[in-house]
Number of protein chains: 2
Amino acid sequence: MSAAMPPTKANASKTQRLYLLLRHGIVSGEIAIGEKLPSEAELGNLHGVSRVTVRRVLGQLEDEGLISRQPGAGTFVKDRGVSRPIVAELANALANLNEMGRVTSVKLLSFAYVRPSASVAQSLQLGPDMLTQRSVRVRMANNEPFSYLITHVPQPISGTYSEQDLATHSFLSLLERSGVEIDRAEQTVTVTLATPEMAEALKIDIGGPLLSITRVTFDKAGNGVQHLQGFYRPDRYRFEMHLVRSKEAEEFIWKPSSGEVNRAAKRNAYT
Amino acid sequence: MSAAMPPTKANASKTQRLYLLLRHGIVSGEIAIGEKLPSEAELGNLHGVSRVTVRRVLGQLEDEGLISRQPGAGTFVKDRGVSRPIVAELANALANLNEMGRVTSVKLLSFAYVRPSASVAQSLQLGPDMLTQRSVRVRMANNEPFSYLITHVPQPISGTYSEQDLATHSFLSLLERSGVEIDRAEQTVTVTLATPEMAEALKIDIGGPLLSITRVTFDKAGNGVQHLQGFYRPDRYRFEMHLVRSKEAEEFIWKPSSGEVNRAAKRNAYT
C-alpha cells in the first residue's frame with residue numbers, strides 16, 4: 001500500500017463487497033444477460049467468503065430480480081428488459097442521442113452566484129475575488145436521469161442570462177447570445193463516487209461509482225468562459241471513440257477518426 | 001429507483017460511506033491539498049449522520065495521514081507529497097509518459113489460451129469454437145501499479161508469439177511481427193469496480209472504483225485482431241482530450257485537436 005492509498009480500516013464487510021461487485025457487474029452489463037455466474041464454491045474461493053455468505057448475496061440479487069437460480073443448472077443473469085446505455089462520442093457529449101431516438105430533457109436544480117473553489121478559479125484563470133454563476137442541472141433520457149452537471153461561468157458573461165433563461169435555453173445558445181466566441185476546450189476523464197446530492201438526483205446509492213468529465217472552454221482571446229463537471233451513471237451512459245491508425249515519421253499513433261466524429265456530431269452537442 | 005438500479009438493501013453503514021467518499025475525494029485530488037473540509041455539523045447534516053460518526057470518520061482519516069485537524073481553525077487536507085496523476089491523451093493511452101520522465105514497466109501476470117466470453121467473441125467477430133490467447137498484465141510507473149490490462153488475441157495471430165515474447169516485447173511489435181496491418185480501433189470508456197484480482201494487482205481495496213477502457217482493434221480486412229480491457233486507478237491516471245471548435249454547415253461541433261494529439265503521441269502508445 002502506498003502513501004496515496006492507505007488500506008481501508010473501516011469495517012466494510014466481505015458480504016457487502018461481494019454484493020456490490022456482482023450487482024455492479026450485472027447492472028453495468030459487464031456480466032451479460034444470460035451469462036452463467038461462477039458456482040457458489042468458486043465465488044467463495046475467489047472472494048474469500050463462506051458458501052453461506054455467497055448464498056446470502058445471491059439470494060439478495062435474486063430478490064432484486066437481477067439473477068435467476070436454477071437448481072442443478074446454475075445461476076444466470078436475468079433479462080430485465082433494460083434499455084442499452086447511451087453511447088456517445090467523447091468529443092460530443094450529446095451526439096447520437098437524436099439518432100438513437102432518445103428524448104432528452106434537462107432539469108435545473110440550482111442557480112446561484114458563488115465564490116468558486118480554488119481549482120475552478122485556477123482553471124478559468126480568475127482573479128481572487130471574482131464570482132461565478134454556478135448551476136446544477138440533471139439531464140434525463142426518457143425521463144430517467146443519466147447525468148449531473150455542475151457549471152461555472154465567470155462574470156461578465158454570466159450577467160447576460162437569468163435563471164429563467166437557463167431553465168429554458170441550451171448553454172450554447174446563451175453563450176453565443178452573450179457574444180462569446182468559443183474556440184477550444186480541454187476535457188479530462190476520470191471516476192468519482194456519488195455525493196448525497198448526486199445520488200439523490202441520479203437515483204443511485206451514495207458512494208456509487210460515476211464517470212466524471214471536466215471540460216474547460218476558452219474563447220478566441222484565451223479566456224476561460226465555462227467550467228463544466230459532468231457526472232454520468234455508468235449503467236446509462238458511456239463514451240466511445242473511433243480511432244484510425246496513423247503512421248508519421250516511423251511513429252505509430254492513433255488518431256481520432258474525424259469522419260465518425262462529424263457523422264455523430266449534433267448542434268446541441270455543447271452541454 | 002428504476003428496474004435497472006434497485007436500492008442497496010445490504011447493510012452498508014453510513015459511517016463507511018462517509019469514510020469512503022471523503023477518502024476518495026482526498027486521494028483522487030478532487031478535494032485539493034490545503035482545502036478546508038466542511039465543519040463537523042455541516043458534514044453530519046449533509047450525510048445524515050451524527051457528529052459522533054463524523055468525528056470517528058475524521059479521526060480515521062487523520063490516522064491515515066490524509067487530513068489535519070486544527071482546533072479552532074478546522075480540518076484541512078494534508079500535503080502528502082504524492083505525485084500528480086499521469087495525464088494521457090485518450091487517443092494514446094501511453095502518450096506523455098516519456099515526456100513526464102516516468103519510468104514505466106510491465107509485469108505479465110498470466111498467459112493462457114481460453115474460450116473467450118460471449119462479449120469478447122462478438123467484438124472480435126469470432127466463430128463459436130475459436131480460442132483466444134488471453135493475457136493479464138499490470139503496468140507500473142516508478143514501480144507503482146496504475147493499470148491492469150486484459151488482452152485477447154485470436155488465432156492464428158496469437159500463434160506467432162510465446163509467453164516469453166509477451167513478457168519482453170510490446171504488443172505492438174508482436175502484432176507487427178505477425179504480419180498484421182492495423183487499421184482502426186473502437187474504444188469505449190466507462191467505470192467499473194475492482195475485482196479481487198484487480199485489487200491485489202493494483203494495491204487498492206476490492207470494490208474500489210476504476211476507470212475502464214475497452215479497445216477493439218481491426219486490421220485492413222476488417223478482422224478483429226486484439227481486444228483490450230484496461231482498468232486504471234483514478235488517483236494515478238486520467239485521460240485528457242484537447243478539443244477545437246468546428247463550424248460546418250451551421251452545425252456547432254467539437255473536434256479533437258490533431259495538433260495536440262500528434263504532439264503527445266509516442267511510438268509505444270499501443271498498449
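Remember, it's a predicted structure, so these values are computed and weren't measured experimentally. Below, chain A is the first sequence line, B the second, and so on; all start at residue 1. Below, each value reflects all heavy atoms present in this structure, side chains not excepted, and no hydrogens, waters or symmetry copies.
- There is no contact between A:S119 and chain B, counting heavy-atom distances below 4.5 Å.
- B:L18 is not listed as a side-chain neighbour of A:I206, based on a closest heavy-atom distance of 4.5 Å or more.
- Interface summary for chain B: among A:T192, A:T190, A:T195, A:T214, the most heavy-atom pairs under 4.5 angstrom belong to A:T192.
- Once rounded to the nearest 0.5 Å, the distance linking CG of A:L193 with CG of B:L22 reads 10.5 Å.
- When side chains are defined from C-beta on, B:S212 does not count as touching A:V191, because their heavy atoms never get closer than 4.5 Å.
- Side-chain contact between A:P209 and B:L210 is absent, with no heavy atoms from C-beta onward closer than 4.5 Å.
- Put simply, of A:G207, A:P196, A:S117, the one with the most heavy-atom pairs under 4.5 Å next to chain B is A:P196.
- For B:E200, the CD atom sits in a loose shell: 12 or fewer heavy atoms of surrounding residues, nucleotides or ligands are nearer than 6.0 Å.
- Residues A:E197 and B:L46 have side chains in contact (heavy-atom distance under 4.5 Å, counting atoms from C-beta outward).
- Heavy atoms of other residues, nucleotides or ligands lying less than 6.0 angstrom from CD of A:E62 number more than 12.
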